Amino acid sequence: MTDLRKTVERFWAAAEARDWDAFAGTLAEDVVYALPQTRERITGRERYVQFNREYPGDWHLRVERIVAEPGQVVTWLHFTVGLEEMYGISFFTGTDRITSITDFWPEPYEPPAGRDHLTERY
């Protein structure tokens with residue numbers, strides 16, 4: 001198991017527990033957080049912790065899967081805010097502390113017509 005994987009596991013556990021000191025301890029001081037879908041970026045540990053602390057609603061997360069190699073980790077999350085559920089994918093880089101995070105939060109949609117003869121819905 002890589003050091004970064006352990007750090008990311010602590011990161012998500014601290015986020016779910018709202019333990020902002022432990023959460024901050026997983027991050028490099030100059031961490032960069034990116035949301036490509038909204039074209040937003042947050043630079044710096046203090047601002048990123050505040051962003052998470054202030055995120056609206058009674059949100060909760062569950063890690064579905066982690067894939068790790070030295071210096072890189074990907075997580076697949078199940079995230080809820082009230083009755084809304086979604087899945088997200090997060091890419092992490094770093095060593096013993098997280099230096100960058102890129103989040104993708106895809107919205108569910110109905111598949112286009114014409115391919116139902118090839119697919120199975122679940």
Side-chain angles (χ1 to χ4, degrees):
M1 185 180 304
T2 68
D3 288 342
L4 184 57
R5 179 188 175 119
K6 292 176 190 174
T7 300
V8 169
E9 289 172 348
R10 288 193 316 273
F11 169 91
W12 287 127
E16 174 61 24
R18 310 299 196 274
D19 182 345
W20 302 120
D21 290 335
F23 183 83
T26 66
L27 304 169
E29 188 172 329
D30 59 349
V31 65
V32 176
Y33 174 67
L35 288 154
Q37 291 158 304
T38 60
R39 297 184 325 272
E40 294 173 288
R41 180 178 303 123
I42 297 171
T43 303
R45 178 175 38 214
E46 185 176 319
R47 290 170 53 113
Y48 181 59
V49 171
Q50 182 177 351
F51 172 83
N52 282 277
R53 180 181 287 144
E54 294 177 0
Y55 197 88
D58 184 26
W59 56 268
H60 294 279
L61 63 91
R62 179 181 71 237
V63 176
E64 295 287 328
R65 184 172 181 186
I66 297 178
V67 177
E69 63 181 45
Q72 299 183 85
V73 174
V74 178
T75 60
W76 173 26
L77 299 175
H78 178 260
F79 191 79
T80 60
V81 180
L83 298 176
E84 184 180 6
E85 296 184 39
M86 65 192 85
Y87 289 90
I89 298 173
S90 302
F91 294 84
F92 297 84
T93 60
T95 52
D96 60 331
R97 296 212 181 198
I98 298 164
T99 57
S100 72
I101 307 161
T102 303
D103 270 349
F104 292 92
W105 297 95
E107 294 289 326
Y109 66 94
E110 289 300 312
R115 62 184 188 197
D116 54 329
H117 66 289
L118 300 172
T119 65
E120 174 184 326
R121 297 295 300 271
Y122 62 94

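All figures in this text were calculated on a predicted structure; none of them were measured in a lab. In this chain, numbering begins with 1 at the start of the sequence shown.
For the atom pair Asp103 CG and Thr75 OG1, the distance stands at 7.5 Å (nearest 0.5 Å). Separation of atoms OG1 (Thr80) and NE2 (His60) is listed at 6.0 Å; rounding is to 0.5 Å. Rounded to the nearest 0.5 angstrom, Arg97 CZ and Leu4 CG are separated by 12.5 Å.
No hydrogens or angles considered: a donor-acceptor pair under 3.5 Å links the side chains of Thr93 and Ser100.
Under a hydrophobic-cluster definition in which Ile, Leu, Val, Met, Phe, Trp and Tyr are linked whenever side-chain heavy atoms come within less than 4.5 Å, directly or via other members, Trp12 and Trp76 are assigned to different clusters. Hydrophobic clustering of Ile, Leu, Val, Met, Phe, Trp and Tyr side chains at less than 4.5 Å, counting indirect connections, keeps Trp105 apart from Val32. No path of Ile, Leu, Val, Met, Phe, Trp and Tyr side chains, each step under 4.5 Å between heavy atoms, connects Tyr33 with Phe104, placing them in separate hydrophobic clusters. If you chain together hydrophobic residues whose side chains sit under 4.5 Å apart, Ile89 and Val81 never meet in one group.
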Without placing hydrogens or testing angles, list every side-chain donor-acceptor pair under 3.5 Å for residues 48-57, not counting sequence neighbours.
unit_1	atom_1	unit_2	atom_2	d
Gln50	NE2	Glu54	OE2	2.8
Asn52	ND2	Tyr48	O	2.9

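The heavy-atom pair separating Ala28 from Thr99 by the smallest distance is CB-CG2, 4.0 Å. Contact detail for Ile66 and Arg5: the closest heavy-atom pair is O-NH1, 3.6 Å. Residue Pro106 comes nearest to Tyr87 through the heavy atom pair CD-O, 3.3 Å, listed as atom of the first residue, atom of the second, then distance. Arg10 approaches Asp96 most closely through the heavy-atom pair NH2-O, 4.3 Å. Summarising the geometry of Leu27 relative to Arg45, their closest heavy-atom pair is O-NH1, 2.8 Å, with the distance given to 0.1 Å.
Taking a 6.0 Å sphere around CD of Glu46, one finds it holds 12 or fewer heavy atoms contributed by other residues, nucleotides or ligands. Within a 6.0 Å sphere centred on CZ of Arg18, other residues, nucleotides and ligands contribute more than 12 heavy atoms.
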- Task: Determine, step by step, whether Val63 and Leu77 satisfy the side-chain contact (heavy atoms from CB on, under 4.5 Å) criterion, reporting the C-alpha distance in whole Å, the side-chain angles of both residues, the deciding distance to 0.1 Å, and the verdict.
- Result: CA-CA 5 Å; Val63 176; Leu77 299 175; 3.7 Å; yes
- Intermediate values then yes/no, side-chain contact (heavy atoms from CB on, under 4.5 Å), Val73 and Ile98: CA-CA 10 Å; Val73 174; Ile98 298 164; over 6 Å; no
- Give the intermediate values and the outcome of side-chain contact (heavy atoms from CB on, under 4.5 Å) for residues Gln72 and Phe91. CA-CA 7 Å; Gln72 299 183 85; Phe91 294 84; over 6 Å; no
- Task: Kindly indicate, with the supporting measurements, whether the criterion side-chain contact (heavy atoms from CB on, under 4.5 Å) is fulfilled by Glu84 and Trp59.
- Result: CA-CA 9 Å; Glu84 184 180 6; Trp59 56 268; over 6 Å; no
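Glu64 places no side-chain N or O within donor-acceptor distance of the main-chain N or O of His78, the cut-off being under 3.5 Å. Looking only at distances, no side-chain donor or acceptor of Thr102 sits under 3.5 Å from a matching main-chain atom of Ala34. Of the possible donor and acceptor atoms, none in the side chain of Arg39 sits under 3.5 Å from a partner among the backbone N and O of Gln37.
The aromatic rings of Phe92 and Phe11 sit perpendicular to each other, their planes meeting at more than 60°, with 30° as the lower class boundary.
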